[in-house]
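Contents: one structure, followed by commentary.
So you know, we letter chains A, B, ... as the sequences are listed, proteins then strands, and number each from 1.
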Number of protein chains: 2
Amino acid sequence: MIRRCDVKELDGRSYRCFFELTLQVVGGKWKPIILYHLWLEKVLRFGALKKTMPGITQRMLTKQLRELEADRLISRVAYNEMPPRVEYSLTELGESVIPIFQAMRNWGMEFEKSVAGELITGEHYESVDAVE
Amino acid sequence: MIRRCDVKELDGRSYRCFFELTLQVVGGKWKPIILYHLWLEKVLRFGALKKTMPGITQRMLTKQLRELEADRLISRVAYNEMPPRVEYSLTELGESVIPIFQAMRNWGMEFEKSVAGELITGEHYESVDAVE
DNA sequence: TGCCTTAGTATCATACAGGGTACTGATGGA
DNA sequence: TCCATCAGTACCCTGTATGATACTAAGGCA
């Protein structure tokens with residue numbers, strides 16, 4: 001029996017399975033890192049978040065934060081001060097995704113180990129080939 | 001205390017954390033679907049795999065399969081016949097990633113539910129706003 | 001002779017995620 | 001008077017992932 005993946009549309013988003021939906025919401029280059037740091041520190045200001053992620057630009061950080069906020073994974077509290085102060089933290093929904101990150105992190109660790117083992121084996125075979 | 005993400009290099013791949021490594025190996029538009037179908041059906045030929053994924057091109061399917069094979073998540077058995085026959089199946093490493101997919105799938109389902117609820121609420125507020 | 005099959009390659013085209021740089025506003029301090 | 005602060009926006013650019021299309025090999029069959 002062959003199962004097909006059909007396309008769903010919801011709230012301007014389209015996806016063929018829940019896995020893909022999850023990736024759209026919490027995947028990408030920066031979102032997991034943002035969520036993970038917010039989980040570690042509970043509350044972070046925009047500038048502090050930026051410091052934890054060397055390489056991200058203000059433009060990208062703003063964009064990712066806006067999307068996470070729109071999906072209600074994080075909450076944004078702006079204090080009407082000058083200079084501005086804005087604090088970000090995880091919502092309950094945001095916290096619920098952390099165990100998945102940890103599972104993926106663990107899998108990545110095991111994968112790295114197995115690749116490291118493979119590389120050593122590869123070198124062995126290489127030297128054997130070189131002898132022939 | 002602020003924690004930083006440093007970049008690692010392994011086997012021509014670069015990543016800042018194990019989560020990112022995992023995404024590089026099993027993320028993307030097609031790889032999860034390929035792995036999931038292989039898990040359901042145990043063994044699939046190239047053509048059968050293609051039929052389960054309407055929308056994928058041969059070029060993309062080949063590319064994804066090659067990468068998954070290089071990372072040893074799937075195994076490829078080619079029979080020397082004409083027309084050709086090639087069978088794909090999950091390796092042990094490939095099977096080990098399935099529980100993560102299921103966790104992401106469940107999270108996606110819950111997220112969809114909560115968004116659907118939000119949409120209904122949104123409509124409610126909209127009509128209230130319209131009255132004012 | 002010509003057409004069907006399968007599992008691909010090769011070539012060219014495109015969309016979108018992500019990135020670089022400059023600019024803003026209101027205030028406190030030198 | 002000038003500069004620093006913070007949390008952004010506006011505008012433009014690039015690279016990679018992905019896609020469309022055409023082509024191949026070797027045999028069976030009409």
TODO: Applying side chain to side chain donor-acceptor pair (under 3.5 Å), name anything that partners E20(B), two or more places apart in sequence or on another chain.
DONE: R16(B)

- [ ] Indicate, with a heavy-atom threshold strictly under 4.0 Å, whether Y79(B) touches base, sugar-phosphate, or nothing.
- [x] nothing

Open item on the list: Angle between the two end axes of the helix from dT1(C)-dA30(D) to dA30(C)-dT1(D), five base pairs per end, rounded to 10 degrees?
Closed with: 30°

- [ ] Shoot me the first and last contacting nucleotide of DNA chain C against chain B, ordered 5' to 3', at under 4.0 angstrom to non-hydrogen atoms.
- [x] dT5(C) to dT11(C)

Open item on the list: Does anything in residues 56-65 of chain A come within less than 4.0 Å of DNA chain D? Heavy atoms only, and list the residues if so.
Closed with: Q58(A), R59(A), T62(A)

- [ ] Rounded off to whole Å, could you give me the CD-to-P distance for the E81(A) and dG8(D) pair?
- [x] 13 Å

Enumerate the protein-to-nucleotides 26-28 of chain D contacts in which both atoms are nitrogen or oxygen and the separation is below 3.5 Å.
none

Open item on the list: By the side-chain hydrogen bond (donor to acceptor under 3.5 Å, both in side chains) test, which pairs, at least two apart or in different chains, include something from residues 89-99 of chain A?
Closed with: S75(A)-S89(A), S96(A)-W107(B)

Task: Atom of F19(B), atom of P32(A) and distance for their closest heavy-atom approach - done: CE2-CG, 3.0 Å

- [ ] Sequence neighbours left out, what pairs pass side-chain hydrogen bond (donor to acceptor under 3.5 Å, both in side chains) with at least one residue falling in residues 22-31 of chain A?
- [x] K31(A)-E67(A)

- [ ] Measure from CG on N80(A) to C1' on dG8(D) and round the result to the nearest Å.
- [x] 14 Å

Open item on the list: Which residues pass the side-chain contact (heavy atoms from CB on, under 4.5 Å) test with Q102(A), not counting sequence neighbours?
Closed with: W39(A), I98(A)

- [ ] Look up atom CG in L35(A) and atom CD1 in I74(A), then write down how far apart they are to the nearest 0.5 Å.
- [x] 7.0 Å

Task: Residues forming a side-chain contact (heavy atoms from CB on, under 4.5 Å) with R85(B), sequence neighbours excluded - done: R45(B), Y79(B), E81(B), E87(B)

- [ ] Give one of base, sugar-phosphate or nothing for K50(B), where a contact means two heavy atoms less than 4.0 Å apart.
- [x] nothing

TODO: Taking all non-hydrogen atoms of both residues into account, name the closest pair between L44(A) and H37(A) and its distance.
DONE: CD1-O, 3.8 Å

Open item on the list: Can you list everything that forms a side-chain contact (heavy atoms from CB on, under 4.5 Å) with M82(A)? Sequence neighbours excluded, please.
Closed with: P84(A)

Task: Residues which pass side-chain contact (heavy atoms from CB on, under 4.5 Å) with R66(B), listed by chain and number, not counting sequence neighbours - done: T62(B), E69(B), R76(B), Y88(B)

- [ ] Taking the side chain as every heavy atom from C-beta outward, state whether I34(B) and L61(B) have any pair of such atoms under 4.5 Å apart.
- [x] yes

Open item on the list: Please give me the minimum heavy-atom distance between F111(A) and D71(B), naming the atom from each residue.
Closed with: CE1-O, 3.7 Å

Open item on the list: Holding to salt bridge (charged side-chain N to carboxylate O under 4.0 Å, His left out), I want the full list of residues that pass it with K42(A), two or more places apart in sequence or in another chain.
Closed with: none

